[in-house]
Structure formats: structure tokens, C-alpha cells
2 protein chains.
Amino acid sequence: MIFKKRLGGKKPTQHDVAQLAGVSQTTVSLVLNNPEVASVPEETRQRVFIAMHNLGYVVNSAARMLRTNRSNTLVCIIPMITNPFYPAFVSGIQEVAEQNGYDVITYNTHGSQERERKFLKSILEGRVDGVIGIFFYTQARDMAQLFEVNIPVVRLEVREQRSGEWPLDSLYIDNAQAACQATAYLLGKGHRRVAMLTGPAGPRDARKEGYLTALKAHSDDLQAWVQEVDSYNESGGYQGMRMILESGDPPTAVFAANDLMAIGAMKAIRDAGLVVPKDIAVVGFDDIPAAQMVTPALTTIRQFQEEMGKRAAQLLIERLNGEAPLVGRIVEMPYELVIRESA
Amino acid sequence: MIFKKRLGGKKPTQHDVAQLAGVSQTTVSLVLNNPEVASVPEETRQRVFIAMHNLGYVVNSAARMLRTNRSNTLVCIIPMITNPFYPAFVSGIQEVAEQNGYDVITYNTHGSQERERKFLKSILEGRVDGVIGIFFYTQARDMAQLFEVNIPVVRLEVREQRSGEWPLDSLYIDNAQAACQATAYLLGKGHRRVAMLTGPAGPRDARKEGYLTALKAHSDDLQAWVQEVDSYNESGGYQGMRMILESGDPPTAVFAANDLMAIGAMKAIRDAGLVVPKDIAVVGFDDIPAAQMVTPALTTIRQFQEEMGKRAAQLLIERLNGEAPLVGRIVEMPYELVIRESA
DNA sequence: CTGAAAGCGCTTACAG
DNA sequence: CTGAAAGCGCTTACAG
């Protein structure tokens with residue numbers, strides 16, 4: 001490496017480039033950032049480029065950050081990257097972030113309030129320019145400090161959510177309506193005893209609301225039956241389904257609040273010697289990749305996670321570029337009922 | 001917010017804290033960083049803490065980065081976060097990173113050489129202190145620039161790999177041996193026509209080597225049969241299996257280079273009116289979460305992704321703390337054959 | 001068209 | 001025990 005020889009292992013700076021090119025450090029910065037105002041003649045630019053190349057110069061991003069107050073980094077806050085709903089969401093964010101020159105840091109909250117708070121606090125250190133997040137506990141008003149230092153936020157919500165005059169946009173699918181449609185599908189198939197399986201917090205309330213709405217709309221004498229367990233995963237679904245089965249008079253259909261729970265429930269049903277969908281039909285939510293791999297393939301509500309990630313990142317970057325209106329935008333995303341074999 | 005009132009929306013600095021506490025800015029820095037040398041008396045510390053709290057002070061990390069030449073950020077470079085092998089790996093990294101005060105940025109290479117290069121180059125800007133990565137094309141020698149500016153790297157390899165006197169540690173499972181064991185298991189079950197299904201680059205060669213070794217060890221007249229397709233996912237597996245089936249004389253068992261391909265292959269087998277494992281047995285590799293959700297549940301080689309992530313992060317952080325030997329460490333990780341229903 | 005200079009907010013010898 | 005000062009590498013008015 002040339003610069004190693006020249007500089008004894010230290011990284012070359014604009015000063016070094018300037019010396020080699022026979023210009024001032026200001027000029028180096030000017031050609032590097034190519035602002036409209038400064039029209040450095042082509043001949044000089046080339047000299048500078050050659051010097052940069054020969055020294056292996058790369059900008060020091062800490063210095064640039066300090067000077068410009070911009071980090072070119074976004075943070076994505078999700079419950080847990082190992083939940084198969086999120087990788088596609090994160091990947092969508094990463095894709096548009098990369099196209100726009102941003103890095104993305106990911107934080108996992110584990111659905112814990114304390115961690116949501118801790119992460120938000122650390123963001124104040126100025127490491128990131130903006131936030132995309134799914135929050136179970138933190139409300140918009142808890143983000144006031146962020147807004148004061150001008151860090152915009154995009155939130156993924158489970159329902160339409162007004163946000164006021166903050167640099168806060170939100171993205172949602174109508175979870176209640178989707179849950180209603182899933183439940184109505186089961187009802188339309190002739191099921192009269194339809195149970196719901198859910199985890200704590202998060203999307204629970206919106207999805208439960210849709211489930212109840214569908215029951216009520218269908219007939220007045222349908223019994224609601226909501227089984228809540230500790231976690232939104234297979235073991236939660238398995239355990240919840242066992243509780244339902246052990247209650248004596250099992251339902252003929254189950255609406256699970258997400259696919260992981262639905263898959264756990266199907267296993268519990270199978271272990272009880274029953275078959276899906278003949279004895280008990282199952283519908284999930286999310287359409288994670290595994291939904292079509294299981295047997296029977298899962299009927300579920302599809303969300304477009306990758307698209308949601310891309311859209312969220314676009315909203316955020318528009319705002320960072322000053323291209324967003326003052327008032328928070330609210331974007332509804334599509335969903336669809338995907339009918340496969342489990343119901 | 002107090003500081004908003006006081007400072008007109010600007011973030012408070014150590015200077016502001018110093019003024020409020022009636023000390024010098026140096027002292028504020030001293031109590032913030034609490035170095036062993038400076039013993040600030042308790043009374044002064046308290047005054048400073050109170051002032052920090054009242055102003056809502058948080059350190060400016062860009063300034064700290066510039067001064068200390070440390071970013072407290074790691075980067076994790078993987079092929080693609082949506083491949084279910086990686087989320088657990090990333091999650092392991094994030095967990096120990098967080099415990100040690102590091103953020104983690106994730107880059108997806110899409111298995112492309114160009115992107116591997118581009119990411120490595122951007123790392124020279126000083127955004128990150130260290131790198132954990134899976135590289136299909138970039139060799140250790142291509143990382144010389146990183147090492148010159150003292151950025152250590154931990155690589156995930158598919159076999160033991162000497163690394164020399166660079167700040168480079170490596171982690172691997174013996175892919176050849178694992179593939180050999182998987183194939184031998186099939187052979188032990190009496191199969192004589194065992195095909196292998198693989199994608200391009202990456203772990204292909206090591207796993208193929210193990211497959212061939214097992215065949216040879218078992219008997220001299222066993223025919224090797226390797227079908228390579230474009231991608232390590234379900235559609236690759238589906239497509240590859242179709243090619244195998246259409247060849248006329250199908251094998252009685254298939255070893256797929258990863259679980260996603262195995263799942264695709266099982267679907268192709270089913271679509272051809274055959275049943276797994278009766279007509280064709282299938283073994284995968286990785287033990288992704290979906291492996292136990294599919295029917296029949298997949299027999300596969302389990303890797304401990306989360307553990308691998310944790311271990312990789314530990315190696316890196318030890319080196320960043322100056323606790324690692326000069327010579328690169330090589331850590332072998334365990335794997336195990338998990339027998340389920342598909343073979 | 002080009003450069004000297006200020007200053008972003010911090011850490012860390014150094015002096016007292 | 002505490003503070004004045006240097007300096008990390010950059011961007012951006014400003015002057016010429």
C-alpha cells in the first residue's frame with residue numbers, strides 16, 4: 001500500500017492529498033463534495049483525483065459527521081430479527097437505504113418496554129439520522145426528545161394513527177379489518193365455533209377487535225373464545241391450542257394471531273389425533289415464508305413485508321431530504337387473504 | 001424540555017453542562033468518562049451529574065469518534081438476511097455486541113463479489129471498529145487495507161483456514177465432514193443411488209467433497225450425481241429436483257446442500273406423485289427453523305447459528321480490547337446430524 | 001477559481 | 001484536584 005509507506009500506517013487525510021496534488025485542503029474537500037457553487041476546473045479535479053487514488057484516500061466519516069451533523073445511518077427497531085416476519089421488512093429497508101447512501105443499524109427490543117426506552121435514549125447520541133420502528137409500548141409523545149433534535153421517525157402501526165405536527169410518519173395495514181376478513185372466511189365456510197389464539201400486546205387488540213366484529217356481524221348467538229398466551233411463536237401456539245383442546249368442547253376452527261402460532265396450533269391438533277382442516281380448520285396471519293412450506297399449507301393474511309420496509313425507508317428519507325410536509329403522513333398498506341389448505 | 005428552553009433547540013454540550021455546574025469542560029469530560037487517573041471528588045461529580053441531568057445532556061458520538069478513533073459499531077456482512085440461516089446468527093452477534101456497548105450494522109451481499117468489495121471499501125471510512133462476515137469471493141489477502149488501518153475481521157468459513165499474522169480470526173464447522181456424515185447416514189440406510197443438490201459457490205465445494213468422500217468410502221462402484229442450480233433456495237431445490245426426476249432413473253435419496261433446497265426438492269417429489277421418504281429420502285443442511293415445521297420433518301445437519309454469532313462477536317471484541325494473540329485464532333464449531341422423518 | 005480560517009464537540013496529555 | 005490548550009479531520013462561509 002502506497003500510503004503505508006508514505007505515512008507510516010496512518011490513514012491519509014485531505015491534507016495529505018492536498019500536498020501531493022499541490023492544492024489547498026479546501027480544494028480537496030471541494031472536489032470531493034462537488035458542490036454546485038465551487039466550479040473547480042477539470043484539470044485541477046483530475047490532479048486531486050489522482051492524488052486521492054494514489055494515497056488510497058477515503059473520507060473520515062466521524063469528522064464529516066461532526067461537521068455536518070449527519071451520520072448517513074438509519075436505525076431499524078423491531079421486536080426480534082429471528083421472528084420470520086421481520087427479515088423481509090428489514091431487507092426492504094436496507095435496500096432503499098443502500099440506494100440512498102445510508103447504513104442501517106438494527107435493534108431488537110424483545111417486545112420489552114425497557115429496551116424500547118434504552119434504544120431511543122441511545123439514539124440521542126447522534127449516531128443515526130432517522131428511525132424506523134415497531135413499538136409495543138412507546139407512544140409518539142414519548143419521542144418528543146427525538147423530534148426536538150430533529151430526528152424523524154417512521155412507525156409501523158396496527159391501525160390508522162393520527163400523528164400531528166411532528167416529523168413522524170406512520171405506516172399500517174388495517175389489522176382489525178384483516179382479522180375480520182379472516183374470521184368471516186371461516187364463518188362463511190360454515191364454522192360456528194371459531195376460537196382465536198393470540199399473544200400479548202402488539203397487534204393483539206386490533207386483531208381481536210376484527211375477530212369479534214366478524215362474529216357479531218355473522219350472527220348474534222356466536223360465542224367469542226379468545227385464548228391468550230405468553231408469546232407469539234410456535235410454542236405459544238402449541239400451548240394455547242392444547243388449552244383449547246383440553247377444555248372439552250373444541251372449536252371447529254381457529255384464527256391464530258400470527259403464522260408461527262398457527263403452525264404451533266396445527267402441531268397440537270395433529271398430536272391430539274385430529275386432522276387439519278377436516279376436524280379443525282386453521283387460519284394464520286402474516287404469510288411468513290414457512291406458511292407455504294408446512295403441510296397442510298397455511299391459509300393466512302398476507303402482508304407485504306418487503307414493500308412495507310421499502311415504503312417506510314422512502315418516507316423517512318424523503319423527510320430527511322426535506323421533501324416531506326410538516327404534518328405526519330399516514331400510509332395504508334395492502335393485505336390479502338391467501339387461501340391454501342389449512343382452512 | 002429544559003434544554004430546549006435554555007438553548008433554543010440545540011443539543012447541550014459539555015460546555016453547557018460545565019457552565020451550569022460551575023466547573024470546566026475538562027472536568028465534565030472527566031466525570032463522564034471516569035478514568036482511573038482523575039479522581040474527581042464526590043461532591044463535584046454530583047454537581048456535574050445533576051447539571052447533565054437537568055440539561056438532558058448526552059454525549060455527541062461523532063465528536064467522540066473523531067477524537068478516539070473508535071465508533072463502537074461493528075458490521076456484519078452476510079449473503080441475505082431473508083435466508084433463514086442468518087437471522088439467528090445475526091441475533092447472536094447483536095446480543096453480545098449490545099452487552100459490550102456496540103451497535104451492529106448489517107450488509108447483505110446477495111452473494112455478489114462486487115458488493116463484497118464495495119462494502120469492504122466503505123468500511124475504510126471508519127464507521128466501524130470491526131467486521132464479522134461470510135464472504136464467497138473475498139480472500140483474506142483482499143482485506144489487507146482493513147488490516148493496515150487496524151480493523152480486525154472475523155470470518156465464517158466452511159473449513160479450517162489458516163490466517164497468519166493478521167488481525168483475522170476464523171470460525172468454521174467442518175462442512176466436508178458434516179456432509180460426509182449426512183451422506184453416510186443415507187448409505188447406511190441401504191440407499192445406493194444418492195444424488196446431491198447444490199447451489200453455486202459458497203459452501204458448495206466443501207459439502208460436495210464430503211458427499212464424494214462418503215460414496216467412495218462406502219463402495220467403489222457407487223455413482224456420484226451432483227446437480228447444481230442457480231440459487232440456494234426453495235425454487236433452486238425444486239428446479240434441481242425436477243431435473244433429477246426427469247432424467248429417467250431417479251435416485252432413492254437426495255442430499256441437499258441446504259434446508260431451503262431440501263424443502264423445494266420435497267415439493268418437487270410430491271408434485272411428481274412420489275412420497276418422502278418412502279420413494280425418495282431427503283436430507284438437508286443447516287436446520288433452519290422451518291426444518292421441523294415441514295411435513296415430513298426434515299432430517300438435516302444442525303448448526304448452532306446463534307452460538308456461532310455469539311462466538312464470532314466475542315472473538316472480535318476480544319481483539320478490539322487487545323486481548324487476542326497476534327496470530328489469528330481458528331475456532332471449530334460443533335454440528336450434529338438431526339434425524340427426523342424425511343430420511 | 002482558490003485558500004486561510006473558524007469551528008463542529010470531544011479526549012487527553014500537561015501544567016499548576 | 002482542576003483547568004487551559006491542542007488537535008482529531010472535515011465543511012463552509014468568506015475574502016481575494
Side-chain angles (χ1 to χ4, degrees), chain A residues 3 7-48 51-52 55-72 124-127 129 149-150, chain B residues 3 7-48 51-52 55-72 124-127 129 149-150:
Chain A
F3 70 77
L7 302 168
K10 286 205 76 237
K11 279 170 74 170
T13 66
Q14 291 183 358
H15 179 80
D16 302 318
V17 175
Q19 279 199 315
L20 185 59
V23 297
S24 75
Q25 186 243 317
T26 303
T27 301
V28 175
S29 176
L30 256 22
V31 343
L32 191 67
N33 295 298
N34 195 31
E36 315 240 324
V37 288
S39 59
V40 181
E42 194 52 29
E43 196 270 331
T44 310
R45 308 172 73 74
Q46 288 310 325
R47 278 219 315 285
V48 172
M52 291 201 296
L55 292 175
Y57 172 79
V58 286
V59 73
N60 176 320
S61 71
R64 180 178 272 176
M65 268 171 76
L66 179 59
R67 199 47 238 258
T68 61
N69 209 17
R70 278 288 196 124
S71 64
N72 290 307
L124 290 172
E125 292 182 7
R127 257 184 240 289
D129 293 337
V149 296
N150 234 342
Chain B
F3 71 77
L7 301 167
K10 286 206 75 236
K11 280 170 74 170
T13 66
Q14 291 184 358
H15 179 80
D16 302 319
V17 175
Q19 280 199 313
L20 185 60
V23 298
S24 75
Q25 187 244 315
T26 302
T27 301
V28 175
S29 176
L30 255 24
V31 343
L32 192 67
N33 294 299
N34 195 31
E36 316 239 322
V37 287
S39 60
V40 180
E42 193 53 27
E43 196 268 331
T44 311
R45 308 173 74 73
Q46 288 310 323
R47 278 219 315 286
V48 171
M52 289 201 296
L55 292 175
Y57 173 79
V58 287
V59 73
N60 177 318
S61 71
R64 180 179 272 175
M65 269 172 74
L66 179 59
R67 199 46 238 259
T68 62
N69 210 17
R70 279 287 197 124
S71 63
N72 290 307
L124 291 171
E125 293 182 7
R127 259 184 238 288
D129 294 336
V149 295
N150 234 342

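Order of the sequence lines fixes the chain letters, A, B, ..., with proteins taken first and strands second; residue numbering starts at 1 for each chain.
- Annotation: the span from N60(B) atom CG to E125(A) atom CD amounts to 9.0 Å, rounded to 0.5 Å.
- If you measure from atom NE2 of H15(B) to atom P of dC8(C), you get 10 Å, rounded to the nearest angstrom.
- Nucleotide dG3(D) holds its C1' atom 14 Å from the CZ atom of R47(B), rounded to whole Å.
- For L30(B), taking side-chain heavy atoms from C-beta onward, the closest of the listed nucleotides dC10(D), dC10(C), dT12(C) is dT12(C).
- The closest donor-acceptor contact from the side chain of D16(B) to the backbone of T13(B) lies under 3.5 Å.
- Look at T44(B) and you won't find any side-chain N or O under 4.0 angstrom from OP1 or OP2 of dC1(D).
- Every side-chain contact (heavy atoms from CB on, under 4.5 Å) that N72(A) has, sequence neighbours left out, goes to Y102(A), D129(A), R127(B).
- Nucleotide dA4(C) holds its C1' atom 15 Å from the CD atom of Q14(A), rounded to whole Å.
- Rounded to whole Å, the distance from CG on N69(B) to P on dT12(C) is 12 Å.
- With hydrogens and angles left out, the side-chain atoms of S24(A) and T27(A) include a donor and acceptor closer than 3.5 Å.
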Practice problem: Evaluate the criterion side chain to side chain contact (heavy atoms under 4.5 Å, CB included) for residue pair V17(A) and L20(A); output intermediate values, then yes/no. | Solution: CA-CA 5 Å; V17(A) 175; L20(A) 185 59; 5.9 Å; no
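- We find that CG of N33(A) is positioned 9 Å from C1' of dC10(D), with the value rounded to whole Å.
- For DNA chain C, if you chain together Watson-Crick or G-U pairs that step i with j, i+1 with j-1 and so on, the runs of at least three with distances under 3.5 Å are C:1-3 with D:14-16, C:5-12 with D:5-12, C:14-16 with D:1-3.
- Whole-Å rounding puts the M65(B) CE to dC10(D) P distance at 12 Å.
- Put simply, CG on D16(B) is 9 Å from P on dG9(C), counting in whole angstrom units.
- In this structure, the nucleotide among dT2(D), dC10(C), dC10(D) sitting nearest to the side chain of T13(A) is dC10(D).
- Once rounded to the nearest 0.5 Å, the distance linking CD of Q14(B) with CD of Q25(B) reads 5.0 Å.
- Separating the CE atom of M52(A) from the P atom of dG9(D) is a distance of 17 Å, rounded to the nearest angstrom.
- Nearest heavy-atom pair, K11(A) versus V149(B), reported as atom, atom and distance to 0.1 Å: CG-CG1, 3.2 Å.
- Both L66(A) and T26(A) lie close to DNA chain D; mapped to their nearest nucleotides by heavy-atom distance, the more 5′-ward contact belongs to L66(A).
- Applying the 3.5 Å distance criterion, the base of dA4(D) shares no donor-acceptor pair with the side chain of S24(B).
- V48(A) and A21(A) get closest at one heavy-atom pair: CA-CB, 4.1 Å.
- Here T68(B) lies in heavy-atom contact (under 4.0 Å) with sugar-phosphate atoms only.
- In the set dT2(D), dC10(C), dC10(D), dT2(D) carries the atom at the smallest distance from any side-chain atom of T27(B).
- The closest donor-acceptor contact from the side chain of T68(A) to the backbone of R64(A) lies under 3.5 Å.
- Counting all heavy atoms, side chain and backbone alike, S71(B) lies closest to G126(B) at CB-O, 4.1 Å.
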Below 3.5 Å is the cut-off: list the nitrogen or oxygen pairs between protein and nucleotides 14-16 of chain D, distance only.
none

